[in-house]
Amino acid sequence: MDKKKVMLSGIQPSGDLHLGNYLGPLRHWPEMIEEFDCYFFMADLHTITVRQDPAQLRKRTLTQIAQYIACGLDPEKCVLFVQSHVPAHAQLSWVLNCYTMFGELSRMTQFKDKSAKHAENANAGLFTYPVLMAADILIYQPDFVPVGEDQKQHVEICRDIAERFNGVYGEVFRVPEPYIAKVGARIMSLNAPEAKMSKSLPEGCVFLMEKPEDILRKFKRAVTDSDTERCVRYAPAEKPGVSNLIQIYAAATGKSYEAIEAEFEGQGYGKLKPAVGEAVVEALRPIREETERLLQDKAYLESVYRAGAEKASYVAEKTLRKVYKKVGFLAR
Ligand code: TYM
């Protein structure tokens with residue numbers, strides 16, 4: 001029998017999960033666990049590139065595990081773990097740092113944005129962040145890495161690093177492909193549709209654990225476009241606000257853009273906003289309720305992340321040993 005393909009992804013527990021995280025990559029993960037060997041983790045090492053409140057970080061990490069399970073990631077069918085529980089990520093990251101060029105890291109869009117935004121804390125971790133991400137990925141030898149559009153550049157530099165390393169030492173790493181969904185890969189802010197939805201713009205961001213009335217309020221206040229046509233049509237360049245709402249509606253309901261345009265034919269933007277809000281509330285309701293239930297059972301969540309760390313470490317350490325041998329480190 002053919003070996004199953006491997007898939008891996010992670011999300012930073014730096015804030016509550018939001019609709020961009022969910023509609024972009026996360027909602028597709030449960031389908032993948034049937035077909036692939038999957039590793040999903042809480043990227044806590046990445047979060048401290050920006051200052052975090054320690055108690056909040058711990059709480060969010062645990063909540064995120066509960067949310068992964070509530071979204072349909074059955075821990076019996078995939079490996080769920082916390083990044084800092086598997087030290088091999090940080091160990092491989094050091095090695096890969098020595099095979100990554102200063103110039104290529106300087107070109108990373110996210111580094112440029114974040115170092116400008118956090119000028120008082122433009123630390124070395126923020127700069128070498130893509131190398132840690134490359135280590136996260138390469139250490140499990142995955143075939144695919146499902147992410148949103150904004151992480152594509154980081155998967156590409158990971159491929160470059162892997163190819164460079166393989167060029168010196170032979171086929172050590174599998175070179176993975178990014179896997180980016182057609183609908184939902186770039187969800188925009190509700191009140192500033194030229195910016196991607198992110199927790200740093202909280203009024204335009206919908207969080208998975210938010211109360212339905214707050215979600216509906218955010219959608220009612222969503223910015224639509226000032227064009228004269230006023231018809232519900234998917235055209236991101238001309239109508240970024242309305243197109244974003246259509247994209248969210250399509251991702252939340254599974255309807256096509258054409259079906260949505262037909263549904264709102266002859267109606268203005270006023271009808272679209274509450275309809276999208278309702279669809280999102282209904283899509284998120286079972287996830288919120290199940291997360292709340294799981295958070296009551298801390299012992300279960302602990303057993304999940306402990307078992308996950310064990311399974312992940314087994315695979316990660318194997319790759320690390322191979323890399324250490326290739327570069328010439330004396331075996332212990
Ligand atoms: P993070 O935590 O910023 O985001 C997690 C995932 O959500 C996607 N995403 C979005 N998708 C659509 N619309 C949006 N507005 C939106 N905002 C975020 C991101 O593309 C991502 O897929 N560095 C990564 C975490 C990470 C990782 C990894 C991912 C660390 N190591 C290894 C894959 C493989 C990050 O900061 O994503």
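Computed from a predicted structure; not experimentally measured. Along the sequence shown, residues are numbered consecutively beginning with 1. All ligand and atom numbering here is 1-based and tracks the order in the structure.
Atoms of ligand 1 lying under 4.0 Å from any heavy atom of A185, numbered from 1 in the order shown and given with element: 11 (N), 12 (C), 13 (N). Which parts of ligand 1 touch V147 is read off a 4.0 Å heavy-atom cut-off, strictly below it: atoms 22 (O), 33 (C). Residue Q12 has at least one heavy-atom neighbour below 4.0 Å for each of these atoms of ligand 1: 2 (O), 35 (C), 36 (O). Applying the 4.0 Å criterion to heavy atoms of G184 picks out, from ligand 1, the atoms 12 (C).
Residue S9 has no N or O atom closer than 3.5 Å to an N or O atom of ligand 1. Every N/O-N/O distance between P25 and ligand 1 stays at or above 3.5 Å.
Under 4.0 Å from ligand 1, the heavy atoms of R186 that appear belong solely to its backbone. Neither the backbone nor the side chain of F40 has any atom closer than 4.0 Å to an atom of ligand 1 (non-hydrogen atoms only).
Taking a 6.0 Å sphere around CG of L216, one finds it holds more than 12 heavy atoms contributed by other residues, nucleotides or ligands. When the shell of 6.0 Å around CD of E213 is examined, it contains more than 12 heavy atoms from other residues, nucleotides or ligands. No more than 12 heavy atoms of other residues, nucleotides or ligands sit less than 6.0 Å from atom CD of E310. Remark: Y314 OH is loosely packed, at most 12 non-hydrogen atoms of other residues, nucleotides or ligands lying under 6.0 Å away.
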